[in-house]
Amino acid sequence: MKVCIAEKPSVAKSIAAILGASSRKDGYFEGGGYAVTWAFGHLVGLAMPEAYGITGFKRENLPILPKEFLLVPRQIKEGKEYKPDPGVMKQLNIIKDLFSRASEIIVCCDAGREGELIHRYIYNYLGCKVPCRRLWISSLTDRAIRDGFQTLRPGSDYDNLFLSAQARSRADYVVGLNASQALSITAGSGIWSLGRVQTPTLAMICSRYMENKDFTPQTYFRLKAHTAKDATAFGTLSESKYDKRQSADEAAIAIREAGMLRVTGVERKEVRQEPPLLYDLTSLQKDANKQHGFSADKTLSIAQELYEQRVLSYPRTGSRYISQDVFEEIPHLVAMLRSHPLFGRYIDKRFDTTLNSRPVDDTKVTDHHALIITEDPASGLSEEQQIIYNMVAGRMLEAFGERCIKENTTVSLEAGGVHFVARGSITLHPGWREVFGADQEEMDGEELTVLPDLTEGDTLTLRDLEIQEKQTKPKPLHTEATLLASMESAGKECENEEEREAMKEGGIGTPATRAAIIETLFAREYIRREKKLLVPTNKGLTVYLAVRDKKIADVAMTGSWELALSKIGTGEMDATTFHRSIEVYASQITAELLEMPFERKDNRQNCPCPKCGNGNVVFYPKVAKCNNENCGLTVFRSIAKKELSDSQLTTLLMNGKTGIIKGFVSSKTGSTFDAAVAFDADYKTIFEFAPKKGKGGKRSKSK
């Protein structure tokens, strides 16, 4: 029997249907000589320090550098302890049984670095020795799966990919574990999280925020003259900016006295704009954030859903190119979109010429080609799924479309010794820009206007003149779109598309992980959203200010590691050498963090902990929690749909009991009741009711 292992049940179902494994069993499909089972993402991972006999956060334990890394099933937290997830253990036992009966294992996990790691960690944890072959496909269409099973490759072909994935996993473990424990020890209380990619990303957000808030705007003045020719009115801006109002006023007087504008130069230039490249995941995430406000994580989730529905190619790609063999499929995919309400008219009108081959380059296709649609019809999509599908389909049409041809005109004018400039643009042939009906180019804030036919030497009457008072502006706060761009280029600003492509190998994170990194910062309460803007919290700023000059926040170093990991994947670098460098780095940052001063601004109310007697209970918006991590006392503010105030929490903590509080709501009956909140012997909250006449008070659990 051949056993296939997929990353998710939905993918296993698609593969099983092609292989004829139609009999559904507990945890797998069976039939046709195959069993098709699945993981739920990472079923197995690296063990926590307790597995090595290291408990608590102690200075003398650091740095923690395991000589051999232990693998354990995915765990869940119960109280203070972590225990194996029962659902994970059940599926692992099913996989173990199937592997033990297999003549061959076919790895069908997602064709990428993390997909390979998911399988290998399970395979190694189970101690399996059965030979493996690898399914490597870029979409889940029936044809792609069938073709993939005709071209299975030996599992050993992907050993370097696994070594790269394992090196990433171990580096994140060693750096994150040691840095987080060292900072927590230095802080003296609370859990503080740092990470190999997480912290440089936080540094990008915080440094931009501080630069923005510390920016002192400078006032300047600019002149705008209004004139016309042949009934076409237009405005023109002075080339000079004036620091003082008086200087602008003096220039305005001279212009008004002249009363005329003289055309001193007209430059017309035909510009041929190449279509944009196809989407990779990061560029799709950036545009979805700019155009629709989608978070990076949301875009990835939707793209993954579309992949599993077989209408989109593999989304976690870092390439914006396709190979020559995939290019042969593009005419068919374009023809499929003729009935699409957005694109049908464009296809009928424009696609009668040769396709643009700019996005075709076999050498620039890595694990997967760029994002494109598949031959399967996309029907029954949700509104958000349709948005992402349309973006990918439209970009595919743009990328293979004709150049856009424009005539850009720059007119120089002079009046009273002041030089003016006006810019205009005429679209001669919209080409690829017609896909979404965008026939006017964005000019990076430059003011474009409709210009009449002007010739050098023309004199135009001054109709009006205004003095515009403006202020210099700081760089805007990061959005997810701009943050993704900074992560992709390791903080270096690249305007040109080719430059951005060249920088990608040195970026921080990968297309597959950047969304998760951003979400981690939200989960740690280091950043928050203000509309589309990413703003650090006080907690995030505290961490940043503490570590901004330390190695852990070095964006360039993190980018160089990502390049090293990719070289491990291609066999150009030794994984052991890389890990030794990570251990040296982890030792350095641990020493740095343990020795540094740590100032924290914590204006939250707190009071002594009644349970341990050593810590303080700190009040947060949703809970009050002891800052002694060995204590674990936690009191939730919301009890029976009633929010406890700071004063009520203080009374509870100081006296072991509040006064009678009105307005609790019964979860069973929905009726309201009045009660005091008290601690039981284990410091769990309970209700105490006012005694009825002649009777003692009644006690019940509050949650």
- [ ] Please assess E562 against R113 for the test salt bridge (charged side-chain N to carboxylate O under 4.0 Å, His left out), listing each intermediate value before the final yes or no.
- [x] CA-CA 12 Å; E562 208 60 61; R113 191 167 77 182; 3.2 Å; yes

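- Nearest heavy atoms, A144 versus I137: O-CG2, 3.4 Å.
- T537 places a side-chain N or O within donor-acceptor distance of the main-chain N or O of Y526, the cut-off being under 3.5 Å.
- Here the OH atom belonging to Y314 is positioned 10.0 Å from the CG atom belonging to L140, to the nearest 0.5 angstrom.
- No donor-acceptor contact under 3.5 angstrom links the side chains of E328 and Q324, judged on distance only.
- Under a 3.5 Å cut-off, the side chain of S313 and the backbone N or O of I372 do form a donor-acceptor pair.
- Salt bridge K286/E488: present, at least one basic N to carboxylate O contact under 4.0 Å.
- The backbone N or O of R358 sits less than 3.5 Å from a side-chain atom of N356, completing a donor-acceptor pair.
- Looking only at distances, no side-chain donor or acceptor of E434 sits under 3.5 Å from a matching main-chain atom of G437.
- Checked by atom type and distance alone, the side chain of T461 never pairs as donor or acceptor with a backbone atom of M260 at under 3.5 Å.
- Between F522 and I527 there is a side-chain heavy-atom pair separated by less than 4.5 Å.
- Residues D453 and K229 are not paired through a salt bridge, judged by the lack of any N-O separation under 4.0 Å between the basic side chain and the carboxylate.
- Side-chain contact between T455 and V263 is absent, with no heavy atoms from C-beta onward closer than 4.5 Å.
- Here the OG-CD1 distance, from S382 to I388, works out to 10.0 Å after rounding to the nearest 0.5 Å.
- Shortest non-hydrogen contact noted between N390 and F436 is O-CZ, 3.8 Å.
- Residues L371 and P315 come closest through the heavy atom pair CD2-CA, 3.7 Å.
- If you run salt bridge (charged side-chain N to carboxylate O under 4.0 Å, His left out) between E480 and each of K298, R529, K531, only R529 comes through.
- Put simply, the side chain of R208 gets close to the backbone of P476: a donor and an acceptor are under 3.5 Å apart.
- Rounded to the nearest 0.5 angstrom, L462 CG and E257 CD are separated by 12.0 Å.
- Nearest heavy-atom pair across P200 and T558 is CG-OG1, 3.3 Å.
- When every heavy atom of A288 is checked against every heavy atom of M391, the shortest pair comes out as N-CE, 3.6 Å.
- Atom NZ in K532 sits 9.5 Å away from atom NZ in K290 (nearest 0.5 Å).
- Between the CG atom in L465 and the OG1 atom in T236 there is a gap of 10.5 Å [rounded to 0.5 Å].
- Without hydrogens or angle criteria, R222 side chain to S238 main chain gives a donor-acceptor distance under 3.5 Å.
- Under the 3.5 Å distance criterion, the side-chain polar atoms of T410 are left unmatched by any main-chain donor or acceptor of E267.
- Expressed to the nearest 0.5 Å, how far OG of S319 lies from CG of D280 amounts to 7.5 Å.
- The backbone N or O of Q273 lies less than 3.5 Å from a partner atom in the side chain of W432, making a donor-acceptor pair.
- Side-chain atoms of S164 come within 3.5 Å of backbone atoms of L565 as a donor-acceptor pair (strictly under, hydrogens ignored).
- In summary, the side chains of R514 and T282 do present a donor paired with an acceptor at a separation below 3.5 Å, with no hydrogens or angles considered.
- For the residue pair S295/D297, the side-chain donor-acceptor check at 3.5 Å is not satisfied.
- At a cut-off of 3.5 Å, with distance as the only test, no side-chain donor of D362 or S323 sits close to an acceptor on the other residue.
- The two residues Y389 and V311 have their closest heavy-atom pair at CE1-O, 3.6 Å.
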